[in-house]
Structures are given as structure tokens and as C-alpha cells.
Amino acid sequence: MEQHVKTRSDAPAGFFAAEAAGLRWLAEARGARIARVAEVADDRICIERIAETGATAEAAEAFGAALAATHDAGAPAFGSPPPGWEGDIFIGRRSQPARPTATWGAFYAAQRVEPFLPVALAAGALSSSGAEVVRRACALVAEGAFDDEETPARLHGDLWAGNVLWAADGVVLIDPAAHGGHRETDLAMLALFGAPFLDRIIAAYDRAHPLRGGWRDRVPVHQLHPLAVHAAGHGPSYGRALVEAAEETLALV
């Protein structure tokens with residue numbers, strides 16, 4: 001197996017181990033194909049090297065159905081980390097909590113959106129008035145306005161186009177922030193940052209496991225997390241987008 005090696009000399013404790021645990025947990029679902037882990041150490045991870053080709057409609061449809069299977073493999077609870085892993089997980093270079101929580105809304109607000117607001121404020125990417133709008137949206141989410149009968153899904157957790165590799169034999173996923181969450185969150189992140197043949201992916205997913213009515217309206221709710229992460233490190237344009245998503249979230253109720 002040809003290998004790709006990622007290194008980080010200043011990696012915080014558990015940085016690569018958490019990634020490896022997430023990759024293995026996702027692979028156990030036998031849904032979407034996941035890059036195999038060859039080796040992990042404190043300062044590096046070695047994974048299967050993926051020879052990228054190009055996106056096709058057929059691969060997109062196969063990926064949509066496979067992603068539904070990954071989600072359906074489930075998780076112990078909302079917020080749960082990969083089994084055998086304790087403590088925070090990481091999205092990009094940033095840590096985020098992974099604490100099992102009884103309801104999705106309480107988990108999502110407290111562990112996926114609110115932790116990034118002070119950083120975005122300090123960086124000047126989010127105004128104090130904008131942060132207040134986001135906090136009001138978080139309060140609504142935490143109160144259960146968008147909780148439903150969905151059981152915790154096994155999420156990739158950082159499912160933007162850069163982590164979706166198109167190989168000759170189909171899509172392979174890398175760099176997860178795997179945890180138990182709501183399946184609409186992975187789909188919303190795909191939509192936020194764009195993915196080839198997104199309509200084909202969603203349609204195949206919906207055939208495999210039909211999405212609950214109104215899911216398109218709830219996309220801004222599920223984009224609060226990635227927008228908050230990006231507002232914390234990628235400038236005011238993401239801060240503005242975060243506030244807009246929060247306003248759209250508030251308007252749903």
C-alpha cells in the first residue's frame with residue numbers, strides 16, 4: 001500500500017490518534033470508502049495514498065448511497081467520539097469537545113458552535129452584535145427546536161470537498177472529525193463548500209435513506225458549525241455568513 005504521510009511537529013496530544021480513531025470507526029461502517037490507516041504516532045499519521053482522477057456522476061451516486069450507510073451505522077450518542085477515544089477531537093487544527101449528550105440540539109449548540117465564538121470575536125471576524133445573533137440561534141437549537149426522532153448518526157464531521165477524493169474506483173474520504181451527530185450536518189457541509197455532482201449525491205442518499213421533510217430549510221442550522229469554525233480562523237466574510245445562517249435559523253421558528 002502506497003502511503004501518504006502527514007506530519008505536525010507541534011501537534012497537541014492526541015491530534016493524530018483522534019484522526020486515526022475516526023478513520024477506523026468510519027471504515028467499520030462499511031459504507032463510504034475510508035482511507036486506510038497504516039501508522040500513527042504523536043507527530044504524524046500515515047494513511048493510504050489515494051490516486052485521484054476526476055468526479056463522475058456514477059461515482060457521486062454510489063457515494064451518496066454509501067454515505068447513507070455510514071450514517072446508518074450509528075453512534076452511541078450525540079457528541080460521542082469514536083469508541084476507545086476520550087477527550088476532544090479536532091477539526092482542521094482546532095480542537096472541539098466530544099462529550100455524549102442526550103439531545104442533538106444541546107450537543108450541537110454547546111459543542112459545535114459556541115466554542116468558536118470567542119475566538120472569532122477576538123480575531124475581529126465577528127462583531128459583538130453578530131455574536132449575540134448567533135447566541136440567540138444557539139439557544140433556540142439547544143432548547144430542542146430542531147430535535148427530531150433521528151438517532152445519532154456516524155458522521156464524518158468535516159465533510160467538505162477537500163476531504164472527498166475522487167479515485168478511479170470511486171470516492172474515498174479522508175481527514176474526519178468523526179463523532180455522533182445528525183446526518184443532515186454532513187450533507188449541509190457538502191453543500192456549503194461545494195461538491196461535484198452534489199445533486200446526484202443527495203438524490204442517491206435520499207433514495208437509500210429518505211431525508212425528513214423540510215431538510216433543505218434546515219441547511220443553515222447545520223451550517224452554523226462549519227461557519228463558526230471558519231469565522232474563528234478565516235476572516236470576516238465567514239463571520240458575516242455565520243450571522244446570516246443564524247438569522248435564517250431564527251426565522252425557521
Side-chain angles (χ1 to χ4, degrees), residues 1-2 4 19 22-37 47-75 78 82 91-92 104 108 112 146 148-227 229-230 245:
M1 178 178 71
E2 291 190 45
H4 171 72
E19 179 180 344
L23 287 166
R24 290 167 176 147
W25 187 44
L26 293 171
E28 289 170 3
R30 299 187 181 277
R33 181 180 161 197
I34 309 298
R36 289 173 289 171
V37 178
I47 63 170
E48 171 187 7
R49 181 180 293 279
I50 306 301
E52 296 184 71
T53 54
T56 67
E58 293 76 14
E61 291 180 356
F63 170 53
L67 182 62
T70 299
H71 288 168
D72 287 349
F78 296 113
I91 183 163
W104 175 77
Y108 186 74
R112 288 297 172 269
F146 305 101
D148 52 33
E149 299 304 315
E150 295 267 349
T151 57
R154 189 172 306 188
L155 296 194
H156 178 280
D158 192 8
L159 197 59
W160 71 289
N163 289 337
V164 179
L165 306 186
W166 300 82
D169 55 352
V171 166
V172 185
L173 302 183
I174 61 170
D175 293 355
H179 64 278
H182 197 297
R183 61 197 183 110
E184 291 179 14
T185 305
D186 265 355
L187 300 178
M189 190 177 290
L190 273 178
L192 178 62
F193 296 110
F197 298 104
L198 179 62
D199 288 346
R200 296 286 192 102
I201 294 171
I202 298 295
Y205 184 106
D206 191 44
R207 288 193 296 271
H209 184 162
L211 291 158
R212 197 166 56 88
W215 71 267
R216 293 183 187 278
D217 296 333
R218 294 187 295 275
V219 167
V221 180
H222 292 275
Q223 289 180 344
L224 290 171
H225 172 224
L227 287 171
V229 172
H230 280 69

- Message: Is the shortest side-chain heavy-atom distance between Arg112 and His179 below 4.5 Å?
- Response: yes
- Query: Just checking, any donor-acceptor pair under 3.5 angstrom between side chains of Asp72 and His209?
  - Reply: yes
- Any side-chain heavy atom of Pro176 sitting closer than 4.5 Å to one from Leu23? yes
- Test Arg218 against Arg212 for side chain to side chain contact (heavy atoms under 4.5 Å, CB included), laying out the working first. CA-CA 10 Å; Arg218 294 187 295 275; Arg212 197 166 56 88; 3.3 Å; yes
- Task: Check Gly194 against Ala161 and note the closest heavy-atom contact, atom names and distance.
- Result: O-CB, 2.9 Å
- Message: Using 0.5 Å steps for rounding, measure from the OH atom of Tyr108 to the CZ atom of Phe78.
- Response: 13.0 Å
- Item | Side chain to side chain, Ile47 and Ile174, heavy atoms closer than 4.5 Å | yes
- Is the backbone N or O of His156 less than 3.5 Å from a side-chain atom of Asp186, with the two atoms forming a donor-acceptor pair by type? yes
- Which class fits the ring pair His230 and Phe193: parallel under 30°, tilted 30 to 60°, perpendicular over 60°? tilted
- Item | Aromatic ring pairing His222/His182, orientation class (parallel under 30°, perpendicular over 60°, tilted between) | tilted
- Message: Minimum heavy-atom separation for Ala75 and Gly180, please, with both atom names.
- Response: CB-CA, 3.5 Å
- Query: Do you know the tightest heavy-atom contact between Ala208 and Ala65?
  - Reply: CB-CA, 4.1 Å
- pair Leu26-Leu155: side-chain heavy atoms closer than 4.5 Å: no
- Query: Rounded to the nearest 0.5 Å, what separation is found between the CG atom of Leu165 and the CD1 atom of Ile50?
  - Reply: 6.5 Å
- Which residues satisfy the side-chain hydrogen bond (donor to acceptor under 3.5 Å, both in side chains) test with Tyr205, sequence neighbours excluded? His71, Arg183
- For Ala60 and Phe197 the tightest heavy-atom approach is CB-CB, 3.5 Å
- Task: Not counting sequence neighbours, list each pair that qualifies as a side-chain hydrogen bond (donor to acceptor under 3.5 Å, both in side chains) and has a residue in residues 53-66.
- Result: Glu61-Arg200
- Residues Val172 and Ala35: closest non-hydrogen pair is CG1-N, 3.5 Å
- Query: Going from CG on Leu227 to CG on Leu192, what distance comes out if it is rounded to the nearest 0.5 angstrom?
  - Reply: 5.0 Å
- Would you indicate whether the side-chain heavy atoms of Pro196 and Trp166 approach each other to under 4.5 Å? yes
- Item | Leu173 side chain near Phe63 side chain, heavy-atom distance below 4.5 Å | yes
- Query: Could you go step by step and tell me if Val37 and Glu48 meet the side chain to side chain contact (heavy atoms under 4.5 Å, CB included) rule?
  - Reply: CA-CA 6 Å; Val37 178; Glu48 171 187 7; over 6 Å; no
- Message: Could you go through Glu19 and Asp175, starting from their C-alpha distance and side-chain angles, then the distance that decides it, and tell me whether this counts as side chain to side chain contact (heavy atoms under 4.5 Å, CB included)?
- Response: CA-CA 7 Å; Glu19 179 180 344; Asp175 293 355; 3.2 Å; yes
- Message: With rounding to the nearest 0.5 angstrom, report the CD1 to CG distance, Ile201 to Leu187.
- Response: 9.0 Å
- Task: Apply side chain to side chain contact (heavy atoms under 4.5 Å, CB included) to the pair Asp158 and Trp160, showing each step before the final yes or no.
- Result: CA-CA 6 Å; Asp158 192 8; Trp160 71 289; 3.5 Å; yes
- Heavy-atom side-chain contact between Trp104 and Thr185 under 4.5 Å: yes
- Query: How long is the span from the CD1 atom in Ile34 to the OG1 atom in Thr70, to the nearest 0.5 Å?
  - Reply: 5.5 Å
- In this structure, are over 12 heavy atoms from other groups packed under 6.0 Å from Asp148 atom CG? yes
